Structure formats: C-alpha cells, structure tokens
Number of protein chains: 2
Amino acid sequence: MDVMSAKPPTSLDVAREAGVSQATVSYVLNNREGMRISDETRARVREAADRLGYVPHAGARTLRTGHSGLVLVPLVDIPYGVLAVGIMEELDRELSRLGYTMIQYGARRLKGVAAARAWAELRPVAVIAPAERLTRQAVDVLHSAGIKAVVGLGVVGWSSEIVSTVTMDHEAIGVTAAEHLAARGCSTLTAIVPVEDGLREMGLRRASGVQRVAAAHGVPYTRVDLAFSEAAAAAMLDVWRDANSAGSADSVDGADSVDGADTAGRAPAKRGVFAYNDDYAMLLMAVLADNGFSVPGDVAVVGCDDLPLAKLLRPRLTTVRFDVATAPAVLAQALDEVVKGGEIGRHRLTLWTHALVERDST
Amino acid sequence: MDVMSAKPPTSLDVAREAGVSQATVSYVLNNREGMRISDETRARVREAADRLGYVPHAGARTLRTGHSGLVLVPLVDIPYGVLAVGIMEELDRELSRLGYTMIQYGARRLKGVAAARAWAELRPVAVIAPAERLTRQAVDVLHSAGIKAVVGLGVVGWSSEIVSTVTMDHEAIGVTAAEHLAARGCSTLTAIVPVEDGLREMGLRRASGVQRVAAAHGVPYTRVDLAFSEAAAAAMLDVWRDANSAGSADSVDGADSVDGADTAGRAPAKRGVFAYNDDYAMLLMAVLADNGFSVPGDVAVVGCDDLPLAKLLRPRLTTVRFDVATAPAVLAQALDEVVKGGEIGRHRLTLWTHALVERDST
DNA sequence: ATCAACTGCTTATACGTATAAGCAGGCCGT
DNA sequence: ACGGCCTGCTTATACGTATAAGCAGTTGAT
C-alpha cells in the first residue's frame with residue numbers, strides 16, 4: 001500500500017500473506033466454481049489481497065489464457081461528433097456488461113497491414129474497424145494472431161466475405177429526407193456530398209437514396225460535391241442562379257420571385273436540398289441567407305444527426321435523427337456471438353434506424 | 001499466413017523457421033545493439049518472421065520487461081468536441097514518437113479506486129486523467145502497481161502534491177475575452193457558466209477572469225449559470241430587460257434604442273457577454289435574435305474554441321482560439337521526463353496559449 | 001606456440017498467471 | 001480392516017518474451 005514500493009505485489013505475495021498457495025489465490029480471486037475452498041480461507045485470501053493492494057497483471061493473464069478480453073476500436077479518421085462519442089460510450093458499457101474491455105486505439109498514423117500488426121500485438125479478442133481499412137491482408141494478420149472476431153463498420157452495399165460487417169443504411173436516410181422534401185412540394189432535389197475522405201462514401205450512399213426518390217417522383221436531381229467552406233457553397237449558389245435564369249425566363253437578376261402567392265402559371269421553383277448532415281446544413285443556410293435566398297421559401301433544407309445546433313438555427317433545421325439507443329447493444333451482442341461461436345465472416349447486421357425530425361427549414 | 005491457423009506463431013516458431021535460436025530472433029527483431037549478429041542471419045530471421053506473419057505478444061513482453069509502454073488516457077465525461085479529439089490525436093502522435101502507445105479507456109462507469117484498479121491491470125507506464133478523479137487512494141493504487149507517471153489534467157488553481165499536473169489557464173481566457181469586450185465599449189460584462197458537470201469548473205474559472213477585468217475597468221459584472229436550452233437563455237434575457245428598464249429610464253418596451261448615432265447624453269448600454277464557448281454563444285445569439293436584441297449593437301458576444309460554426313453564425317462570432325499545436329508535444333515531453341526520471345508529483349505545467357479571433361459579433 | 005580478445009551465436013532463466021493433476025486426511029460402507 | 005469417495009487444499013507446469021551468461025571457432029598479438 002505504501003507509495004513506490006519497489007515492485008507491485010503478485011498473487012504469490014498474496015499467497016504468502018494469507019498462508020496459502022498461489023493457486024488458491026487464483027482460484028479465490030477469480031471465483032472459480034467447482035473448486036473446494038472453505039469460506040474461511042476465501043476470506044483470508046481476499047483480505048490479504050486488499051491489504052497488499054494487489055492488482056492482477058493483465059499481461060500475465062493474457063499470456064496464460066491466450067486471450068485478453070480486449071475489444072479494440074481504432075479511432076478512425078472521421079470527424080468525431082457528439083453522436084459518435086455517444087455511440088462509443090454506449091458500446092463500451094454493453095461490452096463491459098459482457099465481460100469485455102473496450103479500448104480505443106489511435107490508428108491514424110498506421111495504415112493497412114502495419115496497423116493490423118499493431119492491433120494484433122495486444123491480442124485482443126475482437127477488433128472493430130472501419131470496413132475500408134480491413135483489407136484482405138490486414139484481416140489475415142489479425143486472424144493469424146488469434147483474433148476471433150473482426151467486425152467491419154461500413155455502409156450498406158459494402159460487403160465482405162472475410163469479416164462480419166455492421167452497416168448503416170445511408171441510402172435509406174437519403175430516401176427519408178428526400179421523400180419529405182418531395183412531400184413539401186420541392187420541384188428539384190439536390191444531394192450534397194462532402195469531399196472529406198471519411199465522409200464521402202457515406203455521402204454518396206445518401207445521395208443515391210435522394211436520387212431514387214427524385215426518379216420515382218419524376219423530379220430533376222442533382223448531386224453537388226462540396227467542400228466545407230463558404231466559398232464552395234457560394235459557388236454552388238451561383239450555379240443555381242444561372243440554372244434558374246436559363247431554365248425559366250421568369251425573372252433575371254435581383255429579386256428572384258415574390259413569395260406572396262403563386263398565382264402565375266408556373267409556381268416558383270422550390271429546391272429541396274439534403275445537406276448530408278447538420279454541419280453542412282448550417283453552412284448552406286448561412287450562405288443562402290447571405291445571398292438572399294429564403295428558407296424554406298426558395299430552398300428547403302434537411303440535415304442529418306439532429307445536433308444541438310439544429311434547434312438553434314433560424315429557421316430551425318429539419319433533420320434526420322439516428323436511433324442510437326439500441327444499436328450498440330445489438331452490435332455488442334453480435335460480437336459476442338462471433339467470439340463464442342468462432343464463425344468468421346458470417347454476420348451481416350444493419351443498424352441504426354432513423355426518423356425525420358420536422359422543424360422549420362422545410 | 002493461412003487464415004485461422006490454430007495458434008499464432010511465436011518467436012520460437014520464427015527461430016525454427018530461420019534455423020536459429022529464439023534468443024537470436026529476439027535480438028534481431030528488436031534491433032538490439034551491442035549484439036553481434038551477421039547481416040545474413042538478420043535477413044534470414046526477418047524473412048522468416050514475415051513469412052509466418054509473426055506478431056509479438058504484447059502481454060508476454062510486458063511480463064518480461066515489467067512495463068508496457070502504454071499510456072492510458074481515460075475517456076472523460078466532458079462533452080467531447082472537435083477540439084478535444086484533435087488534441088487526443090496530436091498527443092497520440094507525440095507519444096508514439098517517444099515510443100509509447102496511447103490508449104483510450106472508457107472509464108465512465110467505474111469510479112475512484114475501482115477505476116484505478118482497472119487501469120492498473122494493464123500496467124501502463126503512465127496514466128493521464130482528469131485531476132478530480134485522482135484521489136489519494138486512487139493514486140496509491142496506481143503507484144503501487146508500478147505506474148511511473150500519473151498526470152492530472154486540471155485547471156489553474158487546482159494543485160496536488162501527489163501527481164504531476166497539467167493545467168489550462170481558464171482565467172486568462174476570461175481575461176482575454178473580457179478585455180476585448182471592454183475595448184469595444186461594453187458598459188456591462190457578463191460571464192456565462194454552464195451547469196453541466198464537466199464544464200462547470202472551467203466555466204467558473206473563466207468567469208473569474210471576466211470579473212477581474214470588470215473590476216479593473218470599474219464596470220458592473222454578472223455571472224449567469226446557464227443550462228444549454230433556449231428556455232434558460234430566454235429567462236436570462238427577461239432578467240436583463242427588467243434590469244434595463246429599472247436601471248436607466250431611457251426607453252421601455254418596444255424599440256430599445258435607435259442605432260444611428262449615440263447623440264443623447266447617455267450612450268445606449270452595450271452589454272458584453274463571454275458565452276463560455278462557441279456552442280453557448282450560438283445558443284445565446286439565437287435567443288437574442290428571437291427577442292429583438294441586436295448583435296453587436298445591444299449585446300456583444302464572445303465565444304471560445306473557434307469551432308467551424310463560429311464562422312457560419314451571423315454575425316460571425318468573435319471567439320477565443322486555443323493554440324493546440326504545441327501543447328500535446330509539451331505534455332508528451334513532460335510525461336516522458338517523469339517516466340524516465342522517476343520523480344513524482346513534481347511537475348507543474350500550464351498549457352494551451354490562446355488568442356482572440358476577432359469577427360463581427362463584438 | 002600460447003593466450004587473449006573478438007565474433008556470432010546458443011542455453012538457460014524469470015516474469016505472473018491459470019489450471020491440470022495430485023495428495024493428505026476424514027468419513028462412510030461393507 | 002480396507003478400499004473408495006469427498007473435502008480442501010498444494011505442487012508443478014506452460015504461456016511468449018527479453019536478456020544475462022556461456023561457448024565454440026577464428027583472429028591477432030607476443
């Protein structure tokens with residue numbers, strides 16, 4: 001118990017203190033059933049362990065048992081948001097309930113096989129990683145290091161024979177957003193796709209959902225690849241203006257359309273935009289306001305994530321919210337099954353149901 | 001290399017494959033200098049290791065050497081933002097440069113000594129944790145488990161004889177924000193303090209910086225404890241309005257003050273608010289706009305963090321930005337010194353310089 | 001020719017734990 | 001009285017690694 005004793009106490013130290021053998025200490029402290037040990041001895045051992053401040057050596061245990069109970073979750077290069085952090089916390093809780101220890105591991109600087117090797121050193125029982133990182137070779141390294149479950153996180157449509165996958169149905173999110181925009185009378189649907197590395201793939205999936213809805217409703221569809229900057233967003237608006245003046249010769253330059261009543265033969269074209277997420281929606285709305293567009297009059301905007309900022313935008317942002325509540329539990333459960341069952345690459349799980357949160361931007 | 005070979009290859013397997021002893025494998029793969037091993041043998045060993053897909057067993061190594069090279073960073077209960085994630089990534093990079101492996105560990109569900117025990121099992125070489133978690137007993141557990149460096153993250157003013165501390169000078173942030181507000185002619189200074197658990201303490205420190213500046217300038221100061229909700233913010237504005245009509249009998253109700261020229265004897269009272277961070281600033285600005293206050297005309301607002309959203313608010317948000325660039329490197333360096341030096345509880349480090357980013361909200 | 005020093009390895013051991021196997025003593029049935 | 005079974009332990013071992021110590025063969029100095 002004294003600070004800076006030379007060496008941490010071992011189970012053997014505890015054994016000596018309690019006057020029993022080291023094996024007995026192990027049996028007692030691990031509550032191993034089937035072993036016949038008197039209650040009195042059990043108490044003596046526990047008391048000795050407490051007195052010495054004994055903490056088991058995870059490395060030694062791993063060496064002996066062959067597995068660590070660790071679940072490795074590499075920190076990925078997606079911009080972490082409130083949402084992702086919440087999911088991680090919930091997943092941590094669920095995994096610990098099942099007896100695992102979740103660990104997050106900075107993985108940005110290592111790639112491919114090198115990263116896999118680094119992960120494998122800890123002999124985790126499972127690795128959860130972004131699907132695109134799990135190349136054939138990387139997975140081979142993990143498996144040959146004895147890691148039971150390798151779970152890839154990806155988007156629906158990504159598939160792998162080599163690992164279990166947990167996917168998120170991004171296309172369905174696009175559909176939900178777009179259906180809502182169509183119901184609000186938008187005569188044009190636009191999907192914004194971020195250019196950032198970690199986000200782009202999801203953006204494309206969401207966009208294709210929007211496209212499907214546009215096709216079903218016979219409404220023109222455009223996809224815009226957008227960097228997260230006001231300049232890029234403004235450039236997009238310039239294109240829109242050009243398209244407007246070219247398409248319908250209603251009004252050119254200056255005030256676009258009086259918003260009083262749509263009495264004229266052609267209703268004013270209302271654009272519907274699914275902005276990929278709430279951050280992009282905020283960017284878009286700021287630039288729209290700067291350029292005299294009215295929301296939702298000229299342009300209806302739907303975000304995604306239902307971040308706190310969604311409620312604070314004016315108009316308040318309509319957005320798609322994930323149901324985070326149950327997903328981590330399902331994932332943890334599936335992972336446990338893979339570990340226990342020993343099957344590989346069988347599971348296909350789609351998580352995260354979602355719902356539209358209707359506010360004032362549409 | 002084949003998937004699901006029964007057992008992961010060990011250094012002994014590599015040794016057999018290369019026709020040398022296990023010791024030689026260890027010497028070669030760890031690049032141990034001082035050992036005389038021919039280049040030809042070295043090559044043979046490395047090739048064999050590659051062929052077998054050998055990955056060292058971190059647990060065994062830890063057991064043998066007595067230390068793991070792991071630096072444990074418990075995930076704390078503060079709301080994680082872009083900033084915190086950025087810092088973690090940078091810290092990870094710096095630590096790995098020094099030969100450590102940073103690991104983030106979900107710690108929310110365990111408290112005090114129990115948490116310390118869980119950390120200690122991994123025999124990390126260092127633990128970085130929020131200062132308030134590091135009770136005397138918890139630190140004892142960590143030290144007696146052989147952990148060299150225990151570093152507490154806290155605010156300036158928090159102090160400990162038992163661990164090294166890295167603090168952030170929140171008061172100085174408040175001073176910077178308030179000085180700017182004063183220079184902009186604010187006749188009242190208000191500091192907002194969040195009520196959330198992890199944030200409150202920092203908020204109080206920042207507020208006391210604002211208070212100091214207010215005192216120095218002979219300007220009234222108020223502190224407002226605010227929950228992150230529109231209702232709470234609106235309630236605060238109600239109080240302000242009452243104070244206005246009571247204090248100066250200039251104008252009651254309706255249009256507060258024409259903003260053309262301040263020709264009258266009394267200039268219109270301009271409030272300066274340091275909103276704790278950008279999120280709170282956004283909340284405040286939304287509610288201010290809803291209630292007919294003009295920013296920066298009636299109220300000047302300063303945020304903190306320089307989040308992407310700061311640029312997207314209208315008016316664009318003046319904010320305090322941390323200089324994140326060098327801090328993690330300094331912290332990593334200090335940690336390394338503590339580990340190497342073996343001193344305990346000596347270091348006192350204050351990090352994170354900051355600067356005002358002037359925009360349109362003041 | 002002899003001994004020392006160097007090269008390029010090998011052999012042996014310890015780290016802390018979990019667990020299979022064994023063993024002393026008491027009790028019971030016949 | 002003697003084997004068999006139960007209780008409550010102990011003894012012995014293996015996990016994979018790093019490293020101290022040792023050792024055969026060669027080179028170089030005297």
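Just so you know, these numbers use all the heavy atoms, side chains as well, and skip hydrogens, waters and symmetry mates. Given the structure is predicted, the values throughout are model-derived calculations rather than measurements. Throughout, protein chains are lettered first and strands after them, A, B, ... in sequence-line order, and every chain is numbered starting at 1.
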Kindly say if B:Ser11 contacts the phosphate of D:dT17, meaning a side-chain N or O under 4.0 Å from OP1 or OP2. yes
From CG of B:Leu63 over to P of D:dT17, roughly how many Å is that when rounded to an integer? 11 Å
Let me know the distance between CG of B:Leu12 and P of D:dT17, rounded to the nearest Å. 9 Å
Rounded at 0.5 Å granularity, tell me how far CD in A:Gln104 sits from OH in B:Tyr105. 12.5 Å
DNA chain D: 5'-proximal contact among A:Gln22 and A:Ala60 (nearest heavy atom): A:Gln22
Give a yes/no on whether any side-chain N or O of A:Thr62 is located under 4.0 angstrom from OP1 or OP2 of D:dC15. no
Using whole Å, what does the distance between atom P of nucleotide C:dC6 and atom CD1 of B:Ile37 come to? 18 Å
Please state whether the phosphate of C:dC15, meaning OP1 or OP2, lies under 4.0 angstrom from any side-chain nitrogen or oxygen of A:Thr10. no
Residues A:Arg44, A:Glu47: salt bridge by 4.0 Å N-O rule: no
Just wondering, are more than 12 heavy atoms of other shown residues or ligands nearer than 6.0 Å to CG in B:Asn30? yes
Could you identify which residues of residues 25-35 of chain B place a heavy atom less than 4.0 Å from some atom of DNA chain D, listed by residue number, or say none? B:Ser26, B:Tyr27, B:Asn30, B:Arg32
Could you check if a side-chain atom of B:Val151 sits within less than 4.5 angstrom of a side-chain atom of B:Leu331, using non-hydrogen atoms only? yes
Are the side chains of B:Thr62 and B:Leu122 in contact, using a 4.5 Å heavy-atom criterion? no
SB check A:Arg16 A:Asp13 (cutoff 4.0 Å): yes
Checking all strands, does B:Arg61 fall into the base, sugar-phosphate, or nothing category for heavy-atom contacts under 4.0 angstrom? sugar-phosphate
Separation of C:dG16 P from A:Asp13 CG (nearest whole Å): 8 Å
Hey, does the side chain of B:Ser38 come within less than 4.0 Å of C:dT7's phosphate (OP1/OP2), counting only N and O? no
Quick one: is A:Thr41 getting a side-chain N or O under 4.0 Å of the D:dC9 phosphate, OP1 or OP2? yes
By the 4.0 Å heavy-atom rule, please label A:Ser21 as base, sugar-phosphate, or nothing. base
Would you please confirm or rule out a distance under 4.0 Å between OP1 or OP2 of C:dG8 and any side-chain N or O of B:Thr24? no
Nearest-angstrom distance from the residue atom NE2 of A:His57 to C1' of D:dC15: 13 Å
Rounded off to whole Å, could you give me the CG-to-C1' distance for the A:Asp39 and D:dT7 pair? 13 Å
Atom-pair distance (NE2 on A:His67; P on C:dT17), nearest Å: 16 Å
Per the side-chain contact (heavy atoms from CB on, under 4.5 Å) rule, which among A:Val339, A:Leu70, A:Val127, A:Val141 passes with A:Ile147? A:Val127
Can you tell me how far CZ of B:Arg42 sits from OG1 of B:Thr24, rounded to the nearest 0.5 angstrom? 10.0 Å
Nearest-Å distance, CG (B:Leu122) to C1' (C:dT17)? 15 Å
On the nucleotide C:dG8, are OP1 or OP2 found under 4.0 Å from the side-chain N or O atoms that B:Arg36 carries? no
